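What you are looking at is a predicted structure, and each value in this text was computed from that prediction instead of being measured. Per chain, numbering begins at 1; letters A, B, ... match sequence-line order.
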Protein chains: 2
Amino acid sequence: MARRSDHTREELKDLILDTAWTIVGKKGAEGLTARNLATQIGYTPGTIYNIFKSMDDLYLQVNVRTLDKLLEVLNSKDCNDPKKSPAQNIKKVLGLYMEFAREYRPYWLMMFLHPLPEGRKKMGWYQEKIDRLFEPLENLLEPFFSGREKQKRKMAARVLWSSIHGLCLLQETGRISLVADKVPEAEMVSYLVDTFVAGIKDNK
Amino acid sequence: MARRSDHTREELKDLILDTAWTIVGKKGAEGLTARNLATQIGYTPGTIYNIFKSMDDLYLQVNVRTLDKLLEVLNSKDCNDPKKSPAQNIKKVLGLYMEFAREYRPYWLMMFLHPLPEGRKKMGWYQEKIDRLFEPLENLLEPFFSGREKQKRKMAARVLWSSIHGLCLLQETGRISLVADKVPEAEMVSYLVDTFVAGIKDNK
DNA sequence: ATTATTATTGAACATTGTTCATAACAGTGC
DNA sequence: GCACTGTTATGAACAATGTTCAATAATAAT
């Protein structure tokens with residue numbers, strides 16, 4: 001039996017979350033089971049339930065960590081270089097997104113593919129956090145829209161974001177052989193942005 | 001005990017598949033369990049394993065059915081109306097895709113979200129079937145590319161398809177509040193196609 | 001009828017998440 | 001030191017998963 005004073009409640013929470021993080025990194029979301037996790041930290045399944053309401057709760061916390069990392073990346077200075085054209089900055093931010101999806105694949109897949117718990121509607125704070133994913137793009141699209149086209153700009157950001165998101169999903173799940181005939185994915189991002197941006201300009 | 005001559009092997013396969021289909025429709029992929037299915041057809045779990053190698057095998061067969069339906073829709077005459085502009089036809093086919101995703105949501109989600117079995121790489125025929133999803137778009141994009149730009153046309157089709165796919169995924173999983181401020185999704189499709197097509201023309 | 005074949009069964013196993021009475025512990029008061 | 005109190009970790013137990021496989025029931029063949 002683990003000594004109950006080995007860790008404070010706070011330490012234990014961190015320990016569980018950290019261990020969960022490395023498990024997901026190594027074996028994916030499927031590998032994150034209560035018993036597996038408990039064994040690794042030298043406790044038993046029940047302990048986890050003293051700290052987290054459920055496994056889904058723990059999954060969510062891992063997702064939050066992933067989301068925070070992603071938001072940090074997308075808000076980096078590199079994506080708002082005044083010396084570069086808007087299109088270049090947009091390419092940069094979308095490229096960073098794609099890079100993140102690959103580098104943190106198991107976490108990223110967990111965030112978007114792993115089954116969600118039922119009562120997910122009550123977590124407004126989580127939704128708001130996710131919605132912040134659009135902000136960098138919205139800002140970068142500013143030069144292309146007038147002040148009263150804010151609505152349209154928001155829509156453009158969401159459509160563009162969905163596009164890159166769809167590309168990543170097909171890429172990372174391997175469900176569809178996207179890069180048929182060996183077209184590098186970076187070229188696809190580039191093509192998407194160039195075409196879309198050109199379309200925005202032209203479509204006014 | 002069910003009489004062994006109640007159904008031929010072939011009838012049994014159809015019965016299982018049909019029942020599986022309705023279960024997924026009602027309760028989603030999660031509701032499709034061996035025991036649940038077996039009970040509904042008046043047999044026992046073991047019987048399913050006489051017909052299908054595993055539950056994953058059965059999942060795959062359901063996906064095949066879904067995929068066939070989808071391919072049929074996307075290849076309908078409505079998407080190749082010579083009286084309409086290419087952009088209008090493209091809108092039509094993407095709109096049909098989105099409609100399908102909503103109408104057949106549980107099946108569509110199962111196809112793209114449900115965990116895949118490990119040895120999925122060996123099923124070339126399934127991959128080829130999925131790849132046929134791009135064909136309608138590739139054809140509709142023909143007017144915009146010269147004969148020797150076939151490669152580029154393929155890429156454009158994949159990028160555009162991924163875009164609508166990403167939109168649908170975010171929509172149907174409800175993970176992200178895409179339609180913030182009540183922008184109808186049809187408007188987003190319209191905007192995507194108009195912008196993208198305008199970009200193609202301009203970007204040459 | 002007897003035998004051979006084959007389809008169906010259902011108990012069994014290894015996994016899940018989850019609960020909860022109980023035991024082990026740390027602290028407090030005397 | 002001892003008894004009491006409150007917290008924390010436990011691990012057995014429950015339900016439900018996919019899956020296997022010897023036993024059995026139903027049919028076909030002889």
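Counting heavy atoms from C-beta on, the side chains of Pro136(B) and Asn75(B) come closer than 4.5 Å.
Using a 4.0 Å heavy-atom distance criterion, Phe52(B) is classed as making no nucleic acid contact. Using a 4.0 Å heavy-atom cutoff across all strands shown, Arg9(B) reaches no nucleic acid atom at all. Nucleic acid contact class of Leu12(A) (heavy atoms, under 4.0 Å, all strands): sugar-phosphate only.
Atom CZ of Arg35(B) and atom P of dT15(C) are 16 Å apart (whole Å). Regarding Glu30(A), its CD atom lies at a distance of 16 Å from the P atom of dT15(C), rounded to whole Å.
Remark: of the listed residues Lys154(A), Arg132(A), Arg158(A), Arg158(A) is the sole one forming a salt bridge (Lys or Arg N to Asp or Glu O under 4.0 Å) with Glu138(A).
In this structure Lys69(A) satisfies the side-chain contact (heavy atoms from CB on, under 4.5 Å) test together with Trp21(A), Phe100(A), Tyr104(A), sequence neighbours excluded. Every residue two or more places apart in sequence or in another chain that forms a side-chain contact (heavy atoms from CB on, under 4.5 Å) with Glu99(B) is listed here: Leu96(B).
Within residues 14-21 of chain A, no residue has a heavy atom under 4.0 Å from DNA chain D.
Which of dG18(D), dT19(D), dA9(D) sits closest to the side chain of Pro45(B) comes down to dT19(D). Nearest nucleotide to the side chain of Met55(B), out of dA13(D), dA9(D), dT19(D): dT19(D). When each of dG17(C), dT10(D), dT9(C) is scored by its nearest atom to the side-chain atoms of Tyr43(B), the top-ranked nucleotide is dT9(C). Counting only heavy atoms from C-beta on, Ala34(A) has its side chain closest to dT18(C) among dA9(D), dT18(C), dT19(D).
At dT16(C), one or more side-chain N or O atoms of Thr33(A) fall inside 4.0 Å of OP1 or OP2 (strictly under the cut-off). Note on Tyr49(B): every side-chain N or O is 4.0 Å or more away from OP1 and OP2 of dA7(C).
Other residues, nucleotides and ligands contribute over 12 non-hydrogen atoms within 6.0 Å of the NZ atom of Lys129(A).
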